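Written below as structure tokens is the structure these notes are about.
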2 protein chains.
Amino acid sequence: MVRISNGRSKASGSRRAERTRRAILQAAAAAFREHGYAGAGMREIAEKAELSPANLYYYFGGKDEILFYCQDHSLDRLLAAADEAAVSGEPPAAQIGRVIRAHLRCVLDELDGASAHLEVDALPAPLRRRVVAKRDRYERAVRALVAAGVDAGSFAGRDPILVTRAILGALNSTVRWFRPGGAVSAARLADEYADFLVRGLLA
Amino acid sequence: MVRISNGRSKASGSRRAERTRRAILQAAAAAFREHGYAGAGMREIAEKAELSPANLYYYFGGKDEILFYCQDHSLDRLLAAADEAAVSGEPPAAQIGRVIRAHLRCVLDELDGASAHLEVDALPAPLRRRVVAKRDRYERAVRALVAAGVDAGSFAGRDPILVTRAILGALNSTVRWFRPGGAVSAARLADEYADFLVRGLLA
DNA sequence: TATGGTTTTGAACCATGGTTCGAATTTCGA
DNA sequence: TCGAAATTCGAACCATGGTTCAAAACCATA
């Protein structure tokens, strides 16, 4: 494990290679969400991506590196959404609502975003550090929005750290039971969650 | 796997046997929380329980059966707390607050309660059915309290199913980051979470 | 102390699964 | 079309980890 040295492993050039890279990450994310990191096998990931198990090692250094890129990619999405909300100029409640909806969209609609925060401990130390650092950056960004609302007086004076973790915990746990095509749509879920959680913040 | 036939496996008699049974469950729960079900090894569980790996099979049929009893035990605790709140005669908001605090106490204070809801899919079908049934019973109990508040007009008219899942998701996710002896105590966490989540319910 | 049941264990078994390797196949510019 | 680079794969390697087994150690009772 941990045979990654530079940022990109080999084979980052061609257009086609980049496509199969994406396909692998998507297949892996689906497998991770179904059986967890340790439970999902390379053979299963290969089958979902429609190529041989050995071929995975042409694109990635190993199983852990696949998990790393899954998490890293979805964290980039989340961070972008949080930054976008922060500069929107809307009132704090609307900003948080934006972030909640964007977060759920990332986690539920896009297949490869589910394993963003789950199973960080499965990564070897150097990769884990990078993911944890990025995840903390996202958590701080959300927390800053909460704290801004508290300072402005529109939110109740609760601990922003705890409230932020409660919100993120509620959001991330949706991947455990939500299934596309089920009784509730992702859009309705996002609306209800946003209303409920934002209401909890208000003074 | 699934070599369990009757409710109790062998060796349920002596007082001492029952003690080591508990010790094994506690050690296993700690290991599961640390590395997940698939990630935690029987040798690690044995070491934490201070006995040999082979000895585990004198008390339990296998790894999956250990997970089953972990989940079953903590679900009993949660159900008892929910029932207790339901018959308290307090207003809905106070009842939900009670359940939230009890839930966090179960999940954070008692070491063997952490893996209650996580990793249900790891169980073989027959055991999984039993755990899922009990877990659903608990979720319905909490949902009934929420629905009662909505009907009484003290809660906003949101979907009780989604709101309940949001609450339980926030509560269960605490085991991912909470560590006893850390910056925040379990009691303060419970108070903040209860205030925040109950406030989200109010009309 | 002798005896039968309970409890514990070291060692090995065996399936699973991540990984490697060398060759075959495909791709693509010259 | 030719040949080098990129891509794919079957097969095997090997460590890990759940599990089994027969024998030893323990413990209560007669």
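Convention: sequence-line order gives letters A, B, ...; per-chain numbering from 1. The model shown is predicted, which means the values in this text are computed figures rather than measured ones.
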For residues 155-171 of chain A, tabulate all N or O donor-acceptor pairs below 3.5 Å that involve a side-chain atom, not counting sequence neighbours.
from: A:R158; atom 1: NH2; to: A:G200; atom 2: O; distance (Å): 3.1
from: A:D159; atom 1: OD1; to: A:I161; atom 2: N; distance (Å): 2.9
from: A:D159; atom 1: OD2; to: B:R188; atom 2: NH2; distance (Å): 3.1
from: A:T164; atom 1: OG1; to: A:P160; atom 2: O; distance (Å): 2.6
from: A:R165; atom 1: NE; to: A:E139; atom 2: OE2; distance (Å): 2.9

Non-neighbouring partners of A:Y193 that pass ring-ring contact (aromatic ring centres under 6.0 Å, His included), sequence neighbours left out: none
Residues A:K134 and A:D72 bridged, charged N to O under 4.0 Å: yes
Integer-rounded Å distance: C:dT16 C1' and B:M42 CE: 16 Å
Bend angle of the helix from C:dT1-D:dA30 to C:dA30-D:dT1, end axes from five pairs each (to 10°): 10°
Might you list the N or O atoms of the protein lying below 3.5 Å from N or O atoms in nucleotides 8-12 of chain C, with each pair's distance?
from: C:dT8; atom 1: OP2; to: B:N55; atom 2: ND2; distance (Å): 3.2
from: C:dT8; atom 1: OP2; to: B:Y59; atom 2: OH; distance (Å): 2.5
from: C:dT8; atom 1: O5'; to: B:N55; atom 2: ND2; distance (Å): 3.0
from: C:dT9; atom 1: OP2; to: B:S52; atom 2: N; distance (Å): 2.8

Touch class at under 4.0 angstrom, heavy-atom based, for B:A40 against every strand present: sugar-phosphate
Main-chain N/O of A:G41 paired with A:K63 side-chain donor or acceptor, under 3.5 Å: no
Atom pair distance, as rounded to whole Å: NZ in B:K63 and C1' in D:dT20: 17 Å
Counterpart residues, side chain to side chain donor-acceptor pair (under 3.5 Å), relative to B:D121 (two or more places apart): none
Separation of D:dT19 C1' from B:I66 CD1 (nearest whole Å): 12 Å
Atom-pair distance (CZ on A:R15; P on C:dT26), nearest Å: 24 Å
A:D64 CG - C:dT19 P separation (whole Å): 6 Å
Min side-chain heavy-atom separation A:F60-A:L56 under 4.5 Å: no
d(CG, B:L67; P, D:dG18) in whole Å: 12 Å
Neighbour count above 12 (heavy atom, 6.0 Å) for A:E47 CD: no
Interatomic distance, A:R19 CZ vs D:dA6 P [rounded to whole Å]: 18 Å
For atom CZ of B:F60 and atom P of D:dT20, their distance in whole Å: 15 Å
Non-neighbouring partners of B:E34 that pass side chain to side chain contact (heavy atoms under 4.5 Å, CB included), sequence neighbours left out: B:K48
Note, B:I24 side chain near B:Y69 side chain (heavy atom, < 4.5 Å): no
Side-chain N,O (A:S14) to OP1/OP2 (D:dT7) below 4.0 Å: yes
